[in-house]
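Quick note: numbers below take in every heavy atom, side chains included, and nothing from hydrogens, waters or symmetry partners. Source: prediction; values computed, not measured.
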Amino acid sequence: MIWENYGYPLYEVEERRDFREMLDKTCEIYGEEKSFFEKNKDDIYEGITFNQFRENMRNLSDGIFALNLKERDHIALMGKNSRAWATSYYSITASNFVVIPIDRELKDMEIDRIVSISKPKAIFCDSAFIRLFLELSLKYDFIKFIISLDQKAASFNSNSKIMLYDMEQILDKGKEVRKNGNSIYDKVIINPDLETSILFTSGTTGTPKGVMLTQHSICNNIYGMRKLIWIDNTKYFLSVLPLHHAYECTCGFLCQVHAGSRILYVQSLKKLADNIKEGKATNINVVPLLLETLAKRVKENLTHSLFTRIYYHAGNGIGAFFDFISGKENGRKVRRTIFKPVHNAFGGKLDLFISGGAAVKPEISKFLRSLGFRVLQGYGISECSPFLAANRDRFFKDDSAGMPLPEHDFEFFDVDEEGVGEIAVKGKSVMLGYYNDPEATKAAFHDGYFLTGDYGYLDNQGFIHIKGRKKNVIVTRNGKNIYPEDIEVLYDNSSTIQEIIVMEMVEKETNNETICAYIYPNFDNLEKILNKPKDSIKDEDLLPLIRAEIKENNQKISAFKRIHYFSISYDEFEKTTTKKIIRMNIDKNMKKYPVYI
């Protein structure tokens, strides 16, 4: 099924064949406009033009070829979000090499495993990781070169036989090659249907799998996304989420090249609010946890006194009145005027949050929208480049993942009695397969459709609603499906529970299947409720509060979905870099307490 009714006409967007054409077209139109802003030595955001970015990219590309690397060689890339990271990625892919973006927050053993599978001949990385890759180069003889993204190579004392460079040295090599008319880059012909990037999935599953994406799939993904959401050269995107991840790489970097938008690189999460203000950011791609943190801070400032509470509720009421009499877009402008002090705290330009990675609590979206911000939720998966659905600027539902990616065929397999099935998709954005893993690739497809592993349904207006992950679903003995996420969402606004994971459990005495919750309490609130510091809080202090809340929420759901046991953790649950809890790492041997005694 290819969805056709999107509430109002799709935006007109030009398609691009590959990354070279994408950048060249942008340079034709916006070549002298600046992007890729990062803080300089004076702590001021400084950008370069798209033409300068392309020149740097070409020089770096010929510098890489000067190392005697060949087309289709694998090159790893690992570092913080930066102009150097972006230049390296573009140089690697636009030169017909294959990039291996690596999560810089992985443990050494995990990085070792990815390197052993992908076999990169060269590695671009931040200086913090030089030592690690020098050690790996002694273990793996396929590693020939290491290039520092942010520090002079001469600052490293190495006895390794590996060739160690910095970015400036490779750029200088490339400049000399191009000056002498010996460019290899200019002769390269891109085949957009070959893999250009291998993204290793991690975190919530065990063995890393290398997702092979092509320039064709990524360019088509951007094309479809921009048809749903208006993005142009006037937008300033603050790049916060890690660029190694498909979400930020496609939606926060390559999309901006396609549209001629401006990119600002965040210094750190601690400086997020300052960077939004200093860079005059208009758009931010976020994950729910980041959005909730921002919303919480704003809400605290608007509810800390009687005056601020009156100010917020009166302003929201006036905004609602203008929504009604003149439409929501005019109402939004009124809200931005009423709550101008809030907007000024973020530089006065911040307009749109695009959230992905997991579901946003609808009340968070509604609260931010009440202040005149826009919040749009999307849905995607690395194997689909990654964008698959999004709410639109003027047609959205806060409790949905959005509308299907245009020109892609969506199906729902194994639909149950409630109309919920596994979301499957066929189209140009879908990956080639998993690197060197034909069995996993075969298992990921059915009748030509990629199986997302997510259960959901499509409503009559064309919005996709996600129920949960296939691997998390609990199937009862009588065949009923329990989606843990449906239970966990009941605790989103809990004052006592900060994190909760629901899983199946077998009672030792009866051998019966039942539901158990693994809980990390909200100690910030509990310290106030119990009038004790966290170090003094014991299980016996928490049991009556948690039991009461579980019992209350159990009454809201069917009997077969109810939680009957729970465990308490005094440490936050381990998460991926996109802030998803790693379910497989939950300690299931924690002490269990019955809900009903």
Side-chain angles (χ1 to χ4, degrees), residues 201-207 358-359 381 412-423 443-444 451-457 465-492 494 496-521 539 542-543 545-576 579-597:
T201 60
S202 62
T204 56
T205 59
T207 305
I381 187 168
F412 295 81
F413 291 140
D414 301 324
V415 176
D416 64 18
E417 58 191 23
E418 296 179 356
V420 175
E422 182 175 5
I423 301 168
L451 304 172
T452 65
D454 290 309
Y455 279 132
Y457 66 92
H465 297 260
I466 309 295
K467 297 292 286 184
R469 290 291 292 164
K470 182 177 181 178
K471 63 177 179 284
N472 298 337
V473 172
I474 300 166
V475 182
T476 66
R477 287 184 177 179
N478 60 1
K480 289 185 177 292
N481 288 345
I482 299 173
Y483 301 97
E485 293 88 346
D486 280 352
I487 304 170
E488 293 159 4
V489 74
L490 298 174
Y491 298 85
D492 277 352
S494 171
T496 57
I497 296 172
Q498 184 168 322
E499 297 175 355
I500 181 169
I501 291 294
V502 171
M503 293 184 176
E504 185 179 28
M505 178 190 123
V506 177
E507 290 180 315
K508 289 183 180 179
E509 294 81 5
T510 64
N511 206 33
N512 288 333
E513 297 165 343
T514 188
I515 304 298
C516 179
Y518 298 87
I519 291 167
Y520 173 67
D539 282 10
L542 301 172
L543 292 177
L545 295 171
I546 293 175
R547 277 198 178 103
E549 184 157 2
I550 292 176
K551 286 179 181 178
E552 181 182 344
N553 282 322
N554 274 351
Q555 295 304 309
K556 300 173 184 176
I557 54 180
S558 303
F560 71 92
K561 296 180 181 179
R562 291 174 183 169
I563 296 170
H564 286 272
Y565 291 88
F566 64 94
S567 296
I568 300 171
S569 171
Y570 285 81
D571 296 308
E572 287 189 43
F573 297 131
E574 188 179 350
K575 300 176 184 69
T576 67
K579 306 307 177 186
K580 295 178 184 177
I581 294 173
I582 305 175
R583 290 176 180 259
M584 63 177 288
N585 287 0
I586 298 289
D587 181 7
K588 301 178 185 64
N589 295 318
M590 287 188 285
K591 185 175 181 179
K592 306 291 190 300
Y593 293 102
V595 173
Y596 301 97
I597 52 176

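For I515 against R562, the heavy-atom pair with the smallest separation is CB-O, 3.4 Å. Annotation for G456 and F412: closest pair O-CD2, 3.4 Å, computed over non-hydrogen atoms. Across every non-hydrogen atom of R547 and P594, the tightest pair is NE-O, 2.8 Å. The minimum heavy-atom distance between V502 and E488, with the atom names listed, is N-OE2, 2.9 Å. Taking every heavy atom of both residues into account, P521 and I568 meet most closely at CG-CG2, 3.8 Å. Of all heavy-atom pairs between I563 and N554, the closest is O-ND2, 2.9 Å.
Within the 3.5 Å criterion, the main-chain N or O of M590 finds a donor-acceptor partner in the side chain of K592.
If you take CG on L490 and CG on D486, they are separated by 8.0 Å, rounding to the nearest 0.5 Å. Rounding to the nearest 0.5 Å places CD of E574 at 9.0 Å from CD1 of I586. A distance of 10.0 Å separates CG of L542 from CD1 of I497, quoted to the nearest 0.5 Å. A distance of 10.0 Å separates NZ of K591 from OG of S567, quoted to the nearest 0.5 Å. Note that CD1 of I597 is 8.0 Å distant from CG of L543, once rounded to the nearest 0.5 Å. Distance CZ/R583 to CE/M503: 6.0 Å, rounded to 0.5 Å.
Shown here is K588, whose NZ atom has more than 12 heavy atoms of other residues, nucleotides or ligands within 6.0 Å. Within a 6.0 Å radius of NZ in K556, more than 12 heavy atoms belonging to other residues, nucleotides or ligands are found.
For the pair E572/Q498, a side-chain contact is recorded, criterion being any heavy-atom separation below 4.5 Å from C-beta on. A 4.5 Å side-chain heavy-atom check between Y455 and I423 finds every atom pair outside the cut-off. Counting heavy atoms from C-beta outward, I501 and P484 have side chains that stay 4.5 Å or more apart.
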Could you check K471 against M584 for side chain to side chain contact (heavy atoms under 4.5 Å, CB included), going step by step and ending with a plain yes or no? CA-CA 11 Å; K471 63 177 179 284; M584 63 177 288; over 6 Å; no
Requested in this report: Run the numbers on V595 and Y565 for side chain to side chain contact (heavy atoms under 4.5 Å, CB included), then give the verdict.
Outcome: CA-CA 5 Å; V595 173; Y565 291 88; 5.7 Å; no
Verify side chain to side chain contact (heavy atoms under 4.5 Å, CB included) between Y518 and D587, making sure each step is shown before the conclusion. CA-CA 9 Å; Y518 298 87; D587 181 7; over 6 Å; no
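Side-chain contact check for E418 and Y457: no donor-acceptor pair (N or O, by modelled atom type) lies under 3.5 Å. Residues D539 and Y593 have side chains that bring a donor and an acceptor to within less than 3.5 angstrom of each other.
Look at D454 and R469 and you find a salt bridge, because one of the NZ, NE, NH1 or NH2 atoms lies within 4.0 Å of a carboxylate O, short of that distance.
Ring geometry, F573 versus Y520: the interplanar angle exceeds 60°, so the pair is classed perpendicular (tilted spans 30 to 60°).
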